[in-house]
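Here's the structure, in structure tokens; my notes come after.
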Number of protein chains: 2
Amino acid sequence: MNSQSIENYLKVIFNQAIVTDEVNTTGIAQALEVSLPSVNSMVKKLAGMGLLEYEKYKPLKITEKGRQTAAMIIRKHRLTEMYLVEKMGFGWEEVHDIAEQLEHIQSPEFFDRMDELLGHPQRDPHGSPIPNKQGHIAILEYRMLSDCKPGEKVELKALAHTSDEFLRYLNSKELALGVQVQVVEVEVYDKNMTVDYEGRREVLSALVCSKLLVS
Amino acid sequence: MNSQSIENYLKVIFNQAIVTDEVNTTGIAQALEVSLPSVNSMVKKLAGMGLLEYEKYKPLKITEKGRQTAAMIIRKHRLTEMYLVEKMGFGWEEVHDIAEQLEHIQSPEFFDRMDELLGHPQRDPHGSPIPNKQGHIAILEYRMLSDCKPGEKVELKALAHTSDEFLRYLNSKELALGVQVQVVEVEVYDKNMTVDYEGRREVLSALVCSKLLVS
DNA sequence: TAAATTTGTTAGTCAATGCTAACTATTTAA
DNA sequence: TTAAATAGTTAGCATTGACTAACAAATTTA
């Protein structure tokens, strides 16, 4: 029954709450590209609905109910992304905008069917966990590739960033989830990493390596 | 760029324009379950956008641009219904409400992919034609079963009504598109029809028979 | 610690889309 | 052919979710 606006706010707040437990108004405004007063009034509304704890000039805290509600939206988003990639043949760089719209569809049956057809996947195409129907999210403890040492051989499991440009960059390097990567060398000066995978050798920047989650 | 409201109005107007070329305000209000003044103001807006011709107290006429725009929405709706039935295993009585939401998704790629995966279907699961990408709609000249004479053997091709209750009724009688139906007898008094199909004999009311389109 | 900066709030406005009440035009029927 | 009924319109208002301008609190920094 929540509007799309409410759902979008909640999703952003939830995602920020993962980083720091306490969320600030400005961050929400930036993420949603909306003015501060807009956030302020919506935050009051969400608090009135019991989804947030709000006190003037204090950082926001998401309630259990808010967390639960947000998890269900994220579940729909990530199931959709997985469905688009697995069943409809889209690339992982194409699915975000479509999922952003589909996540607001009100139809448990629709998403349950996706879930079934996919065999109850645990991760979306970018390696992010899909919350289960109870709103529980498996916490996956991956390391950043940038924290690995020369000689280590690891598998690319997830991405810490999923912008189109980054995904297209990874496509151009044929870096996909599941690829086995061996660290050859780390440049002391700029932390550039030379890595081997799939029979090729590439030099990856520290920025890129910090977005590649491995185990 | 059109809002969901605009799209819903346009779809209703288009559908009414198929029946009678000139559409009246009250019909729109009833179809959308909205007040007359709401329709009046939206109609002016649509006219301002060049989708309708509007003159005070005159019946409305949809423009070519309006027809085109509506056809694309109906294309998305019907492709979605077909996809849900063919690729996701839904029953024909379950898909309307989901398609009603999905038809507003803005992503040509998404619907093109459905279209491809379905092999460019010409009809939705209820036998209604799917407009092509140019907005052209194949006009299918079917007869009503109620117009058939005893002894005639025809195939169920489409439905003139697609409410959940009607579809569930057809399910209960195992009446599906493609079924070969033979007219056994027509009761003069109430036009009830006795028909044979799939090895069973059923008596169908005149109302039901007028909603069954055959050839 | 006082000034400057950043962050958050309030007040007032706007556009989209809905509504009711009151009115007018058109159509139907007595 | 006039009265009643129906259909369409206008005016004014409510709600949602956005905005700017102005201000207040909290934090940073000189």
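Chain letters run A, B, ... following the sequence lines, proteins first and then strands; every chain starts at 1. Values below: every heavy atom of this structure, side chains too, minus hydrogens, waters and symmetry copies.
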**Request:** Quick one: label S35(A) by what it contacts on the DNA or RNA (base, sugar-phosphate, nothing), any heavy atom closer than 4.0 Å.
**Result:** base

**Request:** Kindly point out which of dC19(C), dT10(D), dT10(C) is positioned nearest to the side chain of V34(B)?
**Result:** dC19(C)

**Asked** Would you say a side-chain N or O of S38(B) is under 4.0 Å from OP1 or OP2 of dC19(C)?
**Response** yes

**Message:** In this structure, how many angstroms lie between the P atom of dA18(D) and the CG atom of L32(A), rounded?
**Reply:** 8 Å

**Prompt:** Can you find a pair of side-chain heavy atoms, one from L145(A) and one from L204(A), that are under 4.5 Å apart?
**Reply:** yes

**Request:** Taking the six-membered ring for Trp and the full ring for Phe, Tyr or His, determine whether the centres of H126(B) and H161(B) are under 6.0 Å apart.
**Result:** no

**Asked** Does a side-chain N or O from K45(B) land closer than 4.0 Å to OP1 or OP2 of dA15(C), or not?
**Response** no

**Request:** Whole angstrom is fine here: how far is it from CG in N40(B) over to P in dG12(D)?
**Result:** 15 Å

**Message:** Please evaluate residues D124(B) and T80(B) with respect to the criterion side chain to side chain contact (heavy atoms under 4.5 Å, CB included), reporting the C-alpha separation (whole Å), side-chain torsions for both, the decisive distance (0.1 Å), and the verdict.
**Reply:** CA-CA 8 Å; D124(B) 79 7; T80(B) 299; over 6 Å; no

**Request:** Give one of base, sugar-phosphate or nothing for V39(B), where a contact means two heavy atoms less than 4.0 Å apart.
**Result:** nothing

**Geometric cation-pi criterion, R75(A) with F111(A): 6.0 Å, 45°** = no

**Separation of dA25(C) P from E55(B) CD (nearest whole Å)** = 15 Å

**Prompt:** Distance from S107(A) atom OG to E100(B) atom CD, nearest 0.5 Å?
**Reply:** 12.5 Å

**Message:** Over all strands shown, is S3(A) touching base, sugar-phosphate only, or nothing at heavy-atom distances under 4.0 angstrom?
**Reply:** sugar-phosphate

**Request:** Can you tell me the distance, in whole Å, between the CD atom of Q4(A) and the P atom of dT15(D)?
**Result:** 22 Å

**Prompt:** Has S5(B) got a side-chain N or O lying under 4.0 Å from the OP1 or OP2 atom of dG18(C)?
**Reply:** yes

**Request:** Could you check which of dT9(D), dA18(D), dT10(C) has an atom nearest any side-chain atom of Y9(A)?
**Result:** dA18(D)

**Message:** How many whole angstroms separate atom CE of M42(B) from atom C1' of dT9(D)?
**Reply:** 17 Å

**Request:** For K58(A), report the nucleic acid contact type (base, sugar-phosphate, nothing); a contact means any heavy atom under 4.0 Å.
**Result:** nothing

**Complete:** Separation of dT6(D) atom P from Y57(B) atom OH, nearest Å, is 17 Å

**Complete:** note: N2(B), atom CG; dT17(C), atom C1'; distance rounded to Å ~ 15 Å

**Request:** Give a yes/no on whether any side-chain N or O of T26(B) is located under 4.0 angstrom from OP1 or OP2 of dG8(D).
**Result:** yes

**Asked** To the nearest Å, how far apart are M49(B) CE and dA16(C) C1'?
**Response** 12 Å

**Prompt:** Just to confirm, is there a sub-4.0 Å distance from OP1 or OP2 of dG8(D) to any side-chain nitrogen or oxygen of K56(B)?
**Reply:** no

